[in-house]
Number of protein chains: 2
Amino acid sequence: MKLNSIDIKLLALLQEDATMQIADLAEQVGLTQTPCWRRVQRLKESGVIAKNVVLLDPLRVNVGVTVFVAVRTSIHSEEWFERFRATVSLIPEVVEFYRMSGDVDYLLRVVVPDIAAYDKVYKRLIAGNQVSDVSSSFAMEQLKFTTALPLSYAR
Amino acid sequence: MKLNSIDIKLLALLQEDATMQIADLAEQVGLTQTPCWRRVQRLKESGVIAKNVVLLDPLRVNVGVTVFVAVRTSIHSEEWFERFRATVSLIPEVVEFYRMSGDVDYLLRVVVPDIAAYDKVYKRLIAGNQVSDVSSSFAMEQLKFTTALPLSYAR
DNA sequence: TGTGAAACCCTTTTCTT
DNA sequence: AAGAAAAGGGTTTCACA
């Protein structure tokens, strides 16, 4: 789907606050309700807008600690990968999971309340999977976290 | 704010889909509209629910490439940190930014369309900041990404 | 493709148990 | 605290330019 500058504006606004009303959105982008509504609808249907979710305050649900886990493996078979992928994806504390280039094979972001809780997740990670090296790095402070993607490259 | 099991259920549902209607939410948690609405309201007011946003498909807005950037510095002064923090936070391609323990001082997640675009962000990162070492790792594949926090630790 | 107004449905309030 | 019902408001549709 091709995006024009009004679409980009709408996406920028909705990425920050999805509770905005159509009338307000319309005003911000210089349209009236109906055409604005139709555009937002198209953005949803086309899949550019993938989801509408609520973001929780990590501290208030007691997962203030972020750990980055770098995993190296010696086995590089398809079966191993599928198994690893399946088990890791199901762990709710793992909120991000990437296959990497370079010396680290996989990178995970894990959220937990404390180090003790992390140790349990760690054990679950290595249980049943042949991982040759796991290295955990703790985040001391989250300086920025946004779900808003940059829109300067959209076309 | 203390969360009971109904609150947890509501948070779980809204973390996945914030467009759910109060009537449907109410049914899922075994309440009628009014008390359900009041609970959701309380969750918003108390800040447990921090935001309601739309998530975009990264590929459809042309930022399919994720790069993790590990930054080391030799200077550890407060001024340097504030300056670095301020400049990095303002870069829209930087979607996550952590101060780390261990040998890496800062970790960034950057989203861009391609390597050429990353190079521009890289130059912006090192310009004006005395960083002693920057190491970039490219994600080949995003195996999991969720904004839904685990709720088993909430209390 | 944009406009204005009406219809509809969900949210929010009020009253009651 | 929870429920039922009514009031209020936003979204969605429709006819038209």
Side-chain angles (χ1 to χ4, degrees), chain A residues 1-57 59-62 146-149 151-155, chain B residues 1-57 59-62 146-149 151-155:
Chain A
M1 176 185 174
K2 213 182 162 310
L3 304 172
N4 67 18
S5 76
I6 292 182
D7 294 318
I8 304 288
K9 275 187 199 160
L10 289 172
L11 293 175
L13 291 165
L14 291 171
Q15 276 197 123
E16 289 302 329
D17 180 10
T19 67
M20 274 190 81
Q21 310 182 163
I22 293 287
D24 295 339
L25 279 175
E27 195 188 6
Q28 295 276 325
V29 302
L31 286 176
T32 47
Q33 285 204 45
T34 312
C36 179
W37 180 84
R38 284 200 278 244
R39 262 169 202 281
V40 173
Q41 212 60 15
R42 262 193 27 189
L43 291 167
K44 286 178 184 161
E45 277 157 17
S46 70
V48 178
I49 293 177
K51 263 186 147 185
N52 183 335
V53 300
V54 132
L55 304 181
L56 308 186
D57 181 337
L59 286 171
R60 289 202 157 92
V61 292
N62 196 29
T146 182
T147 54
L149 301 178
L151 295 172
S152 51
Y153 305 106
R155 49 184 158 71
Chain B
M1 176 187 173
K2 213 179 161 313
L3 303 172
N4 68 16
S5 76
I6 292 183
D7 293 319
I8 303 287
K9 274 186 197 159
L10 289 172
L11 293 175
L13 291 165
L14 291 171
Q15 276 197 123
E16 290 301 330
D17 180 9
T19 68
M20 276 189 81
Q21 310 183 160
I22 294 288
D24 295 338
L25 278 175
E27 194 188 8
Q28 295 278 325
V29 302
L31 285 177
T32 47
Q33 287 203 40
T34 311
C36 178
W37 180 84
R38 282 200 277 247
R39 264 170 200 279
V40 174
Q41 212 60 16
R42 253 185 25 145
L43 291 167
K44 286 177 183 162
E45 277 157 18
S46 69
V48 178
I49 292 177
K51 261 184 150 190
N52 182 333
V53 299
V54 133
L55 303 181
L56 308 186
D57 180 336
L59 285 172
R60 289 202 157 91
V61 293
N62 196 28
T146 183
T147 54
L149 302 178
L151 294 172
S152 50
Y153 306 106
R155 50 185 157 72

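Chain letters run A, B, ... following the sequence lines, proteins first, then strands; residues in each count from 1.
At distances below 3.5 Å, not a single donor-acceptor pair connects side-chain atoms of B:Q15 with backbone N or O atoms of A:L56.
Inter-residue side-chain proximity for B:L3 and B:L11 is flagged as met; some heavy-atom pair is nearer than 4.5 Å. With a 4.5 Å cut-off on side-chain heavy atoms, B:L13 and B:D24 do not count as touching. For the pair B:T147 and B:V53, the minimum side-chain heavy-atom distance is 4.5 Å or more.
Contacts between residues 11-27 of chain B and DNA chain D, counted as heavy-atom distances below 4.0 Å, involve no residue at all.
When the P atom of C:dT1 is taken as reference, atom CZ of A:R42 falls 8 Å away, rounded to whole Å. If you measure from atom CD of A:Q41 to atom P of D:dT12, you get 6 Å, rounded to the nearest angstrom. Atom CD in B:E45 sits about 11 Å away from atom P in C:dT12, given to the nearest Å. In this structure, the CD atom of B:Q33 is 12 Å from the C1' atom of C:dT13, given to the nearest Å. Note: CG (B:L31) to P (D:dA1) measures 13 Å, nearest angstrom. Rounded to whole Å, the distance from CH2 on B:W37 to C1' on C:dT14 is 11 Å.
With sequence neighbours excluded, the residues that form a salt bridge (charged side-chain N to carboxylate O under 4.0 Å, His left out) with A:D57 are A:R60.
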Listing, residues 27-51 of chain A side-chain donor-acceptor contacts under 3.5 Å, not counting sequence neighbours, or none:
{"unit_1": "A:R39", "atom_1": "NH1", "unit_2": "A:N4", "atom_2": "OD1", "d": "3.2"}
{"unit_1": "A:R39", "atom_1": "NH1", "unit_2": "A:D7", "atom_2": "OD1", "d": "3.2"}
{"unit_1": "A:S46", "atom_1": "OG", "unit_2": "A:R42", "atom_2": "O", "d": "3.0"}
{"unit_1": "A:S46", "atom_1": "OG", "unit_2": "A:L43", "atom_2": "O", "d": "3.3"}
{"unit_1": "A:K51", "atom_1": "NZ", "unit_2": "B:E16", "atom_2": "OE1", "d": "3.2"}

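A donor-acceptor contact under 3.5 Å is formed by the side chain of A:T34 with the base of C:dG4. On a pure distance criterion of 3.5 Å, no polar donor-acceptor pair joins the side chain of B:R38 and the base of D:dA1.
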